[in-house]
S.K.: 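Sharing a structure below in structure tokens format, with a few things to ask.
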Amino acid sequence: QVELVESGGGLVQAGGSLRLSCAAHGEPMSNQVMAWFRQPPGKEREFVAFVSFSGINTYYEDSVKGRFTISRDNAKNKVYLQMNSLKPDDTAIYYCAAGGRPVLIPRAYDYWGQGAQVTVSS
């Protein structure tokens, strides 16, 4: 049984930074693609970024490119999302996910965290 636990969410002013962490428990995640999704208020869950097994390859949704950085530490079984230059439109619940393929659709991911609230005030 795999459990993903996010931490690091909170309230920040526009232009500020936050770092989300996701710790995986139960199995090594080194053979899983790790991703972050988010769900803004009243909207569907959307892709943010993924990182490959090794951590070398990454991919970002256009609106976060240049502002967000995804990374992973397989030795610690963790994945991170560094978020800089935050905007009010980034307000959402952020979810960590793990799966076997580097794709953008939520249903391709097998494991999910409980979510972390990120609120950006203007």
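Side chains are part of it too, since the values below use all heavy atoms of this structure and drop only hydrogens, waters and symmetry mates. None of these values were measured; they are calculated from a predicted model.
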S.K.: Nearest 0.5 Å please: distance from the OG atom of Ser21 over to the NZ atom of Lys78.
M.R.: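 The NZ atom of Lys78 is 6.0 Å from OG of Ser21, to the nearest 0.5 Å.
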
S.K.: For the residue pair His25 and Leu4, establish whether any side-chain heavy-atom pair is separated by less than 4.5 Å.
M.R.: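 Result no, sub-4.5 Å side-chain heavy-atom pair not found.
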
S.K.: Is there a path of hydrophobic side-chain contacts, each under 4.5 Å between heavy atoms, that joins Val103 and Phe50?
M.R.: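 Shared cluster, yes.
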
S.K.: Is there a path of hydrophobic side-chain contacts, each under 4.5 Å between heavy atoms of I/L/V/M/F/W/Y residues, joining Val79 to Tyr111?
M.R.: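 Both belong to a single hydrophobic cluster.
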
S.K.: As a quick check of understanding, evaluate ring pair (Phe, Tyr, Trp, His ring centres under 6.0 Å) for Phe37 and Tyr95, giving each step before the final call.
M.R.: CA-CA 5 Å; Phe37 288 78; Tyr95 296 91; 8.7 Å; no

S.K.: Stepwise, does the side chain to side chain contact (heavy atoms under 4.5 Å, CB included) test hold for Arg67 with Asp90?
M.R.: CA-CA 11 Å; Arg67 300 189 298 122; Asp90 296 318; 2.7 Å; yes

S.K.: Within 45 degrees of the ring normal and closer than 6.0 Å to the centroid, is that where the cationic atom of Arg19 sits relative to Tyr80?
M.R.: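 Arg19 over Tyr80 ring: yes.
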
S.K.: Are any non-hydrogen side-chain atoms of Ile105 and Phe47 less than 4.5 angstrom apart?
M.R.: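 Ile105 does not reach Phe47 side chain to side chain.
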
S.K.: Rounded to the nearest 0.5 Å, how far does CD1 of Ile70 lie from CG of Leu20?
M.R.: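 That separation rounds to 10.5 Å.
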
S.K.: Indicate the atoms forming the closest heavy-atom contact of Val118 with Met83, along with that distance.
M.R.: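 Taking Val118 first and Met83 second, the nearest heavy atoms are CG2-CE, 3.9 Å.
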
S.K.: Looking at side-chain heavy atoms only, is the closest gap between Glu46 and Pro40 below 4.5 Å?
M.R.: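 Touching, per the 4.5 Å side-chain cut-off.
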
S.K.: In Å and rounded to the nearest 0.5 Å, what is the CD to CD distance from Gln39 to Gln117?
M.R.: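 Nearest 0.5 Å value for the CD-CD distance: 10.5 Å.
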
S.K.: Is there a side-chain contact between Val5 and Cys22, using heavy atoms and a 4.5 Å cut-off?
M.R.: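 Counting from C-beta outward, Val5 and Cys22 never come under 4.5 Å.
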
S.K.: Does a side-chain heavy-atom distance below 4.5 Å link Glu27 with Glu3?
M.R.: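 Answer no - side chains too far apart.
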
S.K.: Could you tell me which non-hydrogen atom of Gly100 sits nearest to which non-hydrogen atom of Gln32, and how far apart they are?
M.R.: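 Closest approach of Gly100 to Gln32, heavy atoms only: N-OE1, 3.8 Å.
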
S.K.: Could you tell me which non-hydrogen atom of Thr69 sits nearest to which non-hydrogen atom of Tyr60, and how far apart they are?
M.R.: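 Taking Thr69 first and Tyr60 second, the nearest heavy atoms are CA-OH, 3.3 Å.
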
S.K.: Can you tell me how far apart CG (Asn57) and OG (Ser52) are? Round to the nearest 0.5 Å.
M.R.: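 Reported to 0.5 Å precision, the distance equals 4.0 Å.
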
S.K.: Should Tyr109 and Val33 be marked as a side chain to side chain contact (heavy atoms under 4.5 Å, CB included) after you check the CA-CA gap, both sets of side-chain angles, and the distance that decides it?
M.R.: CA-CA 9 Å; Tyr109 289 82; Val33 173; 4.0 Å; yes

S.K.: Considering all heavy atoms of both residues, which atom of Gly8 and which atom of Leu18 are nearest to each other, and what is their separation?
M.R.: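 So the minimum-distance heavy-atom pair works out to O-CD2, 3.9 Å.
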
S.K.: Between CG of Leu81 and CZ of Phe68, what distance do you get to the nearest 0.5 Å?
M.R.: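 So the gap between those two atoms works out to 6.0 Å.
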
S.K.: To the nearest 0.5 Å, what is the distance between CD on Gln13 and OG1 on Thr119?
M.R.: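 The CD atom of Gln13 sits 13.0 Å away from the OG1 atom of Thr119.
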
S.K.: Does the side chain of Trp112 reach to within under 4.5 Å of the side chain of Arg45, using non-hydrogen atoms?
M.R.: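 Sidechains of Arg45 and Trp112: in contact.
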
S.K.: Restricting to non-hydrogen atoms, name the atom on Gln82 and the atom on Ser17 that form the minimum distance, rounded to 0.1 Å.
M.R.: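 Looks like NE2-CB, 4.0 Å.
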
S.K.: Specify the closest pair of heavy atoms between Phe53 and Asn31, including all atoms of both residues, with the distance to one decimal.
M.R.: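 Heavy atoms of Phe53 and Asn31 come nearest at CE2-O, 3.4 Å.
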
S.K.: For the pair Lys65 and Asp62, find out whether any cationic side-chain nitrogen is under 4.0 Å from an anionic carboxylate oxygen.
M.R.: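 Yes, charged N to carboxylate O under 4.0 Å.
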
S.K.: Would the distance check show the side chain of Asn74 and the main-chain N or O of Asn77 forming a donor-acceptor pair, the cut-off being under 3.5 Å?
M.R.: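 No; judged by distance alone, with no hydrogens or angles, the pair does not exist.
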
